[in-house]
Protein chains: 2
Amino acid sequence: MDAEAKLAALDAVCTAIAHPARRQILLTVHLRGAMTAGDIAGRFAHAWPTTTRHLTVLVEAGLLLTEKSGRHRLYTVDRARLELLKEWLGWFDPREAPEKA
Amino acid sequence: MDAEAKLAALDAVCTAIAHPARRQILLTVHLRGAMTAGDIAGRFAHAWPTTTRHLTVLVEAGLLLTEKSGRHRLYTVDRARLELLKEWLGWFDPREAPEKA
DNA sequence: TCGATATTTAGCGTACACGCTAAATATCGA
DNA sequence: TCGATATTTAGCGTGTACGCTAAATATCGA
């Protein structure tokens, strides 16, 4: 991933976690392992289509991986993508810079 | 800071860093030490008032500290506030949870 | 095949983020 | 005091994020 792609990816990640519902979804899916879209939607106050859209944003940011399994769709968290954010935060650590972010 | 305040603070931080210009401002101010509003505005493509508004968002999120000094206004980064984000990210680390986030 | 289940797509309204320019405010130097 | 400098506030237009309901799509079980 070149620098430009990395920047774009970071931007997508930051946008994705900017919404409280999406942060909650991400954390819930992470803690419970894998969840179907229905499980996720059922746990949140929003209407299903609203949650679907949040899921789409998370997938497009690469934070959620999706796997279709029959009538269900399984979502899992891709922690690697969160590393981009950690790396960015690394720039603010005292006398220490991330490898090549 | 109780849990509710912490959540609100995290939300403000996430919203603040969701915009590329604000991420850039934050990093620039951090790397250069303290900067005046004019220095910051002069370095970015946006019109002054636009940058002023971004600065306001960052200050309200607690990410920037401001100190008025005569005609100038000095901005510095409050790294402590970024810890909120690190703490949240900590929830995604394998078999390890942040102290009490 | 047919109805039920799981999920998305379509489409709409509202609120707000973010860009701008113009005008206002505050402080300093002469 | 007065003009110059530094910064914000006011106000406007546009685009888009996000909530909703209704309808469409896809897959399974009987």
Side-chain angles (χ1 to χ4, degrees), chain A residues 7-29 32-77 85, chain B residues 7-29 32-77 85:
Chain A
L7 253 189
L10 175 66
D11 192 52
V13 168
C14 287
T15 298
I17 66 164
H19 197 286
R22 287 195 294 260
R23 284 197 300 279
Q24 209 181 337
I25 288 172
L26 208 59
L27 198 49
T28 301
V29 175
R32 297 181 57 90
M35 294 176 76
T36 67
D39 277 348
I40 297 169
R43 250 163 242 283
F44 289 88
H46 296 314
W48 264 53
T50 301
T51 299
T52 289
R53 188 156 46 191
H54 282 314
L55 288 173
T56 302
V57 172
L58 287 165
V59 167
E60 279 173 358
L63 288 168
L64 283 184
L65 302 172
T66 179
E67 190 189 348
K68 212 173 163 188
S69 159
R71 269 184 295 191
H72 301 275
R73 185 161 296 191
L74 272 176
Y75 289 92
T76 49
V77 173
L85 196 49
Chain B
L7 254 188
L10 175 67
D11 191 52
V13 167
C14 287
T15 298
I17 66 163
H19 197 287
R22 288 194 294 261
R23 283 197 301 279
Q24 208 181 338
I25 288 172
L26 208 58
L27 198 48
T28 302
V29 174
R32 297 182 57 90
M35 293 177 76
T36 67
D39 276 348
I40 298 169
R43 250 164 242 282
F44 289 88
H46 296 314
W48 263 53
T50 301
T51 299
T52 289
R53 188 157 45 191
H54 283 314
L55 289 173
T56 302
V57 172
L58 288 165
V59 167
E60 279 172 358
L63 289 168
L64 283 184
L65 301 171
T66 177
E67 191 190 349
K68 211 173 161 188
S69 160
R71 269 182 297 188
H72 302 275
R73 184 161 296 192
L74 271 177
Y75 289 92
T76 49
V77 173
L85 196 50

Whole angstrom value for the distance that separates [atom2] of [N] from [atom1] of [X]:
X     : N      : atom1 : atom2 : result
A:E67 : D:dA26 : CD    : P     : 19 Å
B:R43 : D:dT7  : CZ    : P     : 13 Å
A:L58 : C:dT7  : CG    : C1'   : 16 Å
B:D11 : D:dA17 : CG    : C1'   : 15 Å
B:I17 : C:dA17 : CD1   : C1'   : 17 Å
A:K68 : C:dT7  : NZ    : P     : 11 Å
A:E60 : D:dC18 : CD    : P     : 12 Å
B:D39 : D:dT5  : CG    : P     : 16 Å

Looking only at side-chain N and O atoms, does [X] come under 4.0 Å of OP1 or OP2 in [N]?
X     : N      : result
B:T50 : C:dG19 : no
B:H46 : C:dG19 : yes
A:H54 : D:dG19 : yes

Q: Give the nucleotide from the list C:dA6, C:dC18, D:dC20 with an atom nearest to the side chain of A:R71.
A: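 Selected nucleotide: C:dA6.
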Q: Evaluate side-chain contact (heavy atoms from CB on, under 4.5 Å) for A:D39 paired with A:R32, printing each intermediate quantity in order.
A: CA-CA 11 Å; A:D39 277 348; A:R32 297 181 57 90; 5.8 Å; no
Q) Taking C-beta and beyond as the side chain, do B:I40 and B:I25 meet within less than 4.5 Å on heavy atoms? A) yes
Q: Indicate yes or no: at least one non-hydrogen side-chain atom of B:V77 is less than 4.5 angstrom from one of B:L64.
A: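 They are in contact (side-chain heavy atoms under 4.5 Å apart), so the answer is yes.
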Q) Where does DNA chain C pair, written as one dot-bracket string 5' to 3', with Watson-Crick or G-U pairs under 3.5 Å, ( ) inside the strand, [ ] for crossing pairs and | for another strand? A) ||||||||||||||||||||||||||||||
Distance (rounded to the nearest 0.5 Å) between [X] [atom1] and [Y] [atom2]:
X     : Y     : atom1 : atom2 : result
B:L58 : B:L65 : CG    : CG    : 11.0 Å
A:T52 : A:R73 : OG1   : CZ    : 9.0 Å
A:D11 : B:H19 : CG    : NE2   : 9.0 Å
A:L55 : A:R53 : CG    : CZ    : 12.0 Å

(Q) I need a per-nucleotide contact map over nucleotides 8-14 of chain D, read 5' to 3'. Cutoff is protein heavy atoms under 4.0 Å; write B for the base, S for backbone only, - otherwise. (A) BB-----
Q) Do B:R22 side-chain atoms and B:A16 backbone N/O form a donor-acceptor pair below 3.5 Å? A) yes
Q.
For a quick test of reading the model, state the closest non-hydrogen atom pair linking B:T51 to B:H46 and the distance between them.
A.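 Minimum heavy-atom separation between B:T51 and B:H46: OG1-CB, 3.9 Å.
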Q: By nearest nucleotide on DNA chain D, pick out whichever of B:H72 and A:G70 is the more 5' one.
A: B:H72
